[in-house]
Amino acid sequence: AQTVTQSQPEMSVQEAETVTLSCTYDTSESNYYLFWYKQPPSRQMILVIRQEAYKQQNATENRFSVNFQKAAKSFSLKISDSQLGDTAMYFCAFLRSNFGNEKLTFGTGTRLTIIP
Amino acid sequence: DGGITQSPKYLFRKEGQNVTLSCEQNLNHDAMYWYRQDPGQGLRLIYYSQIVNDFQKGDIAEGYSVSREKKESFPLTVTSAQKNPTAFYLCASSMDRDTEAFFGQGTRLTVV
């Protein structure tokens, strides 16, 4: 079974600074997807970024980027120029290719607070 | 606007009563999912459905039931058999099995 580990239960950073959230996963599969979801105080889960394992290039979405290290099974999220609206729980998730979203495995989350 | 609507946002029920949580999507997605979220834990899959009139148990299906009579709707019933039903429930959908899931805003169920 796949496992996803987020070792930082809570983090805080000053507004406009850069912060990196860690995620490691364990799998024997070679084809899979990795996601970062954001859950703000409204509690709706919002997809932040997606990475396909076969792609060597790290995914980027505006201020959000990932550092995907396949050999190390590491998938960290970097938030640049952090904003107050980035305050949220962040979940890392793993999905095996061709096995369906019912196999989507989530980490336990990192609570990120942006300090004004 | 397309999206997933869960209702109600907050729900209170007495112990021993069944309660049904609503989930509707207008994204034309085939697959729908129910997750439970407890403090300090990630999301855990309760039930999922890949197509109308078909659904499968997830990791923690005991004490729950679902139906999928329409593509747009996937209601979840929390039965009296669920020993610890107080939790936050999230519904999600995806175009198919291997595309990213989109989530509703959740329902907070409190059983007293």
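As the structure is a prediction and not an experimental result, all values here were calculated from the model. Convention: sequence-line order gives letters A, B, ...; per-chain numbering from 1.
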*With only heavy atoms counted, which part of B:L43 is less than 4.5 Å from chain A, the side chain, the backbone, both or neither?*
both

*Taking only residues at least two apart or on different chains, which pairs with a member in residues 43-112 of chain B satisfy disulfide (SG to SG under 2.5 Å)?*
B:C23-B:C91

*Side chain from CB out, backbone as N, CA, C, O: work out which of these in B:F88 comes under 4.5 Å of a heavy atom of chain A, or both, or neither.*
side chain

*Between the side chains of B:Y64 and B:Y89, is a donor N or O closer than 3.5 angstrom to an acceptor N or O?*
yes

*Side chains of B:Q82 and B:R36: closer than 4.5 Å at any heavy-atom pair?*
yes

_A:Q6 versus chain B, the contacting section by heavy-atom distance below 4.5 Å_ = neither

*A:R43 versus chain B, heavy atoms under 4.5 Å apart: side chain, backbone, both or neither?*
both

*Decide if the gap between the ring center of A:Y37 and the ring center of B:F103 is smaller than 6.0 angstrom.*
yes

*Gap separating the OG atom of B:S93 from the CZ atom of B:F74, nearest 0.5 angstrom*: 11.0 Å

*Specify which of B:A92, B:G104, B:G106 makes the most heavy-atom pairs with chain A at under 4.5 Å.*
B:G104

